[in-house]
Amino acid sequence: MVATTRQNARQTNLVASAARALTLANDAALAQGTDPADSRVTIVEESSATGGVWRIHYGPTENIGRRCGDTIVLVEESDAVQKVIRRAVGAQDSLLRTSRLRR
């Protein structure tokens with residue numbers, strides 16, 4: 001019984017931590033011009049030297065034939081946005097089109 005209660009408490013803490021990180025990441029993504037409702041969102045828990053970090057990735061819902069335009073937000077377990085990475089739409093696409101034309 002005690003083991004089950006501890007396991008439930010760990011799962012509850014994990015869910016609460018993920019929910020807080022996702023809330024912060026959504027705010028950061030919106031500030032960068034990415035609408036979470038129009039994105040495919042994935043969330044991964046990673047470890048770092050300073051503790052746990054949540055990596056929240058906002059990608060296009062239709063990604064066939066599309067590159068870049070993603071937003072990645074890193075949120076520390078201390079509930080602080082560590083970094084926002086935005087990949088510009090079309091930056092690599094233009095390079096790919098150029099290289100294809102040269103062939």
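Along the sequence shown, the residues carry numbers beginning at 1.
Here Q11 pairs with nothing under the side-chain hydrogen bond (donor to acceptor under 3.5 Å, both in side chains) rule; sequence neighbours left out.
The salt bridge (charged side-chain N to carboxylate O under 4.0 Å, His left out) contacts involving residues 47-57 comprise E46-R55, where partners must be two or more places apart or lie in separate chains.
Test I43, L24, V53 against V75 for side chain to side chain contact (heavy atoms under 4.5 Å, CB included) and you get one pass: L24.
Side-chain contact between H57 and D70 is present, with heavy atoms from C-beta onward closer than 4.5 Å. Between I56 and V41, the closest side-chain pair of non-hydrogen atoms falls below 4.5 Å.
In plain terms, the two heavy atoms of S17 and E77 that are nearest each other are OG-CG, 4.4 Å.
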Show every donor-acceptor pair shorter than 3.5 Å between a side-chain atom in residues 26-35 and any protein atom, with sequence neighbours excluded, or say none if there are none.
from, atom 1, to, atom 2, distance (Å)
N26, OD1, Y58, OH, 2.6
N26, ND2, L22, O, 3.4
T34, OG1, T71, OG1, 2.7
T34, OG1, R86, NH1, 2.8
D35, OD1, A37, N, 3.2

